[in-house]
Structure formats: C-alpha cells, structure tokens
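Notes for the one structure printed next.
Heavy-atom basis, side chains included; hydrogens, waters and symmetry copies ignored. From a predicted model like this one, the values you see are computed outputs, not experimental measurements. To find a chain, count down the sequence lines: A is the first, B the second, and so on, and within it residues start at 1.
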There are 2 protein chains.
Amino acid sequence: MTEADAGISETAAQLAAVVERLVEVLRRLNSRDGLSLTAASTLRRLDRGGARRLTDLAAAEGVTQPAMTQLVSRLEREGLVSRGGDPADGRVVVVRVTAPGRALVRRRRAARVRALSGVLKELPLADRVALAAAAPALDRLADLVAER
Amino acid sequence: MTEADAGISETAAQLAAVVERLVEVLRRLNSRDGLSLTAASTLRRLDRGGARRLTDLAAAEGVTQPAMTQLVSRLEREGLVSRGGDPADGRVVVVRVTAPGRALVRRRRAARVRALSGVLKELPLADRVALAAAAPALDRLADLVAER
DNA sequence: TATTGTTATACTCTATAACTATA
DNA sequence: TATAGTTATAGAGTATAACAATA
C-alpha cells in the first residue's frame with residue numbers, strides 16, 4: 001500500500017464518520033420544519049430550472065411517478081406549486097412553482113445561511129479557513145457521488 | 001461590516017449550498033438500503049454505547065416514546081435488537097443490539113468507507129488534502145449544531 | 001401521583017400494481 | 001401499443017392522545 005492510498009483510507013474513514021454525524025444532525029433539524037427533503041428539493045428544482053413535466057420531476061428526484069403525483073398534490077394543496085396542461089399533448093401535466101412557493105424557497109435558504117453563519121462565528125478562525133478552503137472540494141465530491 | 005464578517009457570510013453561503021447538495025445525494029443513497037436514518041442511528045448508538053432503556057433511546061434519537069416502541073418492534077422482528085426487562089424495575093424495557101445487528105452496523109460502515117474511498121481517488125490531490133484538513137473542523141461544526 | 005411503555009389513530013411519504021386517457 | 005398520469009393498496013415512520021402497569 002502506498003502513502004497516497006493510506007491517506008485516502010484515513011480521509012475516507014474520517015469523512016464517513018463526520019458525514020454520519022452531520023446527517024444525524026440534519027435529520028433532526030429537518031423533521032421540525034414541515035417540508036420533506038424531497039418536497040424541498042422539488043421546490044428548489046422548480047425555482048432554479050422552471051416548469052417541468054411531472055414525469056421529468058419524478059426522474060430528477062429519484063422517486064416513482066405515483067410518489068411525485070402525490071407530492072405535487074400536497075404542494076398544490078398548500079399553494080406552493082400549480083398544475084398546468086400541455087396544449088400540444090393532452091396527457092402531460094406541467095408543474096410550476098407559485099410566488100408563495102418561491103418565497104418559501106428563499107426564506108428557507110436565508111434561514112439556513114443565517115443559522116450556519118451563527119455557528120461559524122463560534123468556530124476558531126483556523127476552522128473557518130479550513131471549511132472555506134474545502135467547500136469547492138466538497139462540491140466536486142458531491143458531483144462524483146451524484147454521477148453514480 | 002468587517003473583513004471577518006464578510007468571510008463568514010461567504011463561507012456560510014458556500015457551505016449551505018454544498019450541504020444542500022450533499023443531503024440530496026445522501027437521501028437517494030439512503031433510500032435504497034432498507035434502513036431508515038433513525039433505525040441506522042439507533043443501531044449505531046446501541047453498538048457504541050451498549051444496552052439502553054427505550055425511553056433513553058427515544059430521547060437520544062429525538063423521537064417520541066411511541067415512535068421508538070414501533071422502531072424497536074420492527075428491529076426486533078428483523079432480529080437486529082432484543083428486548084429485555086430490568087429486574088430492579090418492572091416497567092423498564094432494556095434494548096440490546098444482537099450479533100446480527102452488530103454485523104450489519106459494521107457492514108454498512110465498511111461499505112460507506114469503501115464507497116467514499118473510491119470517490120476520493122478520483123479527486124485531485126489538492127482536494128483530498130483540503131478535505132482531510134477540514135474533517136476536524138466539520139466535526140466541531142457538527143458539535144455546535146448538535147448543541148442547539 | 002409520576003414514570004415507563006404500549007395501543008389507537010391519523011398523516012406523510014414511499015412503493016408496486018392496476019387503471020384511464022391520450023398519442 | 002406505448003406513454004403520461006392517477007388511483008388503489010400496503011408498509012415505514014412519525015405524532016398526539018388514551019391507556020395499562022409499575023413505582
């Protein structure tokens with residue numbers, strides 16, 4: 001085993017433990033704010049990418065078509081998205097985020113950044129520097145995991 | 001606004017976006033392996049800390065007592081934990097992880113480390129260095145968030 | 001009376017299978 | 001026949017309220 005391999009295994013073990021903790025923490029923060037992970041992700045996707053067909057949404061979020069039908073129904077009932085038809089194809093349902101939906105996405109994002117800012121302030125400067133330096137690497141890590 | 005404050009806000013925004021992506025990725029990896037976040041966390045806790053009373057488990061995992069009763073029943077049905085009594089207090093239920101439960105915890109941990117190692121290998125060295133350097137900071141970040 | 005745990009009930013979220021409507 | 005979406009049904013996972021048993 002080379003030096004580089006040893007470094008990778010150690011880093012992997014450290015990161016796995018850290019990710020485990022972060023997920024546990026996030027599970028609890030998330031459970032109390034009324035929007036499931038998939039619901040929040042779907043709203044963000046519609047906000048970022050515009051209107052989408054229900055089938056496309058289901059595929060993009062990695063859930064089945066019936067699950068997306070139900071999720072869209074719940075979001076519609078809460079006024080966060082709207083259903084529309086496609087004039088060119090009578091079978092299609094086009095989903096759009098509403099103004100209140102967009103507002104919710106923005107509110108949640110701002111709240112997350114605010115909460116994270118508050119926590120970062122309590123960390124030593126060296127930690128904040130390390131985190132800032134690692135953010136792009138974490139993003140590329142997410143790219144690679146998402147590819148699989 | 002000082003330089004340091006600006007750095008915190010930027011880092012917070014970057015990290016919030018990264019965390020959002022990581023959670024989305026983890027949601028999908030998790031949904032296909034048959035054990036909920038709470039179930040996995042409960043097994044790990046029992047593996048790490050030994051037998052616990054049902055009420056303690058519920059508090060530690062941040063769920064209600066009835067929810068933990070159900071979770072323990074499901075885990076018991078699958079042979080991953082066992083229920084026992086406390087001779088000193090007839091009301092108490094003591095939960096223990098079984099040998100198959102421990103084996104599952106180890107298998108899942110090894111699989112996570114293996115998967116993460118595979119991904120890290122594809123990242124440039126500079127990214128791996130940045131991630132290794134940030135791991136302790138992420139752990140302290142988790143400490144602070146967990147406190148709240 | 002207080003604590004420990006379970007049962008009853010309801011809602012979200014997910015899946016698969018069966019169905020309807022359109023192409 | 002194939003595709004888009006819904007409905008039917010079932011199970012995990014969560015909560016609150018009501019209950020039983022023990023301290």
Query raised in the report: Rounded to whole angstroms, how far apart are CG on Leu71(A) and P on dC11(C)?
Result: 18 Å
Anything under 3.5 Å between a protein N or O and an N or O of nucleotides 20-23 of chain D, put it in a table, one pair a line.
| from | atom 1 | to | atom 2 | distance (Å) |
| --- | --- | --- | --- | --- |
| dT22(D) | O3' | Gly90(B) | N | 3.4 |
| dA23(D) | OP1 | Gly90(B) | N | 2.8 |

Query - Nearest to side-chain heavy atoms of Val93(B), which nucleotide of dT6(C), dT14(C), dT16(C) - result: dT6(C)
Query raised in the report: Arg77(A) has a side chain; which of dT12(C), dT9(D), dT6(C) sits nearest to it?
Result: dT12(C)
Query raised in the report: Donor-acceptor pair, Thr69(A) side chain versus Gln65(A) backbone, under 3.5 Å?
Result: yes
Query - Nearest-Å distance for atom pair CE/C1', residues Met68(B) and dT16(D) - result: 17 Å
Report task. Please determine if a side-chain N or O atom of Ser36(B) lies less than 4.0 Å away from the OP1 or OP2 oxygen of dG13(D). Result -> yes
Query raised in the report: Is any side-chain N or O of Thr38(A) closer than 4.0 Å to OP1 or OP2 of dC13(C)?
Result: no
Query - Donor-acceptor contact present, side-chain Thr11(A) to main-chain Gly7(A), <3.5 Å - result: yes
Query raised in the report: Considering only heavy atoms, which members of residues 48-58 of chain B lie under 4.0 Å from some atom of DNA chain C?
Result: Arg53(B), Leu54(B), Thr55(B)
Report task. Using a cut-off of strictly less than 4.0 Å, decide whether Arg83(B) has a side-chain nitrogen or oxygen near OP1 or OP2 of dT4(C). Result -> no
Requested in this report: Report yes if some heavy atom in the side chain of Leu71(A) is under 4.5 Å from a heavy atom in the side chain of Val63(A); otherwise report no.
Outcome: no
Report task. Decide yes or no for Arg96(B) and Val94(B): does some side-chain heavy atom of the first lie under 4.5 Å from some side-chain heavy atom of the second? Result -> yes
Query raised in the report: Which heavy-atom pair separates Leu22(B) from Ala142(A) by the least distance, and what is that distance?
Result: CD2-CB, 3.9 Å
Report task. Please determine, for the side chain of Gln70(B), which listed nucleotide (dA4(D), dG13(D), dA15(C)) has the closest atom? Result -> dG13(D)
Query raised in the report: Quick one: which of dT4(C), dA4(D), dT9(C) gets closest to the side chain of Gln65(A)?
Result: dA4(D)
Report task. Tell me which nucleotide among dT7(D), dT6(C), dC13(C) gets nearest to the side chain of Thr69(A). Result -> dT7(D)
Query raised in the report: Which listed nucleotide (dA17(C), dT12(C), dT14(D)) is nearest to the side chain of Pro66(A)?
Result: dA17(C)
Query raised in the report: When you measure from the side chain of Thr98(B) to the backbone N and O of Gly79(B), does any donor-acceptor pair fall under 3.5 Å?
Result: yes
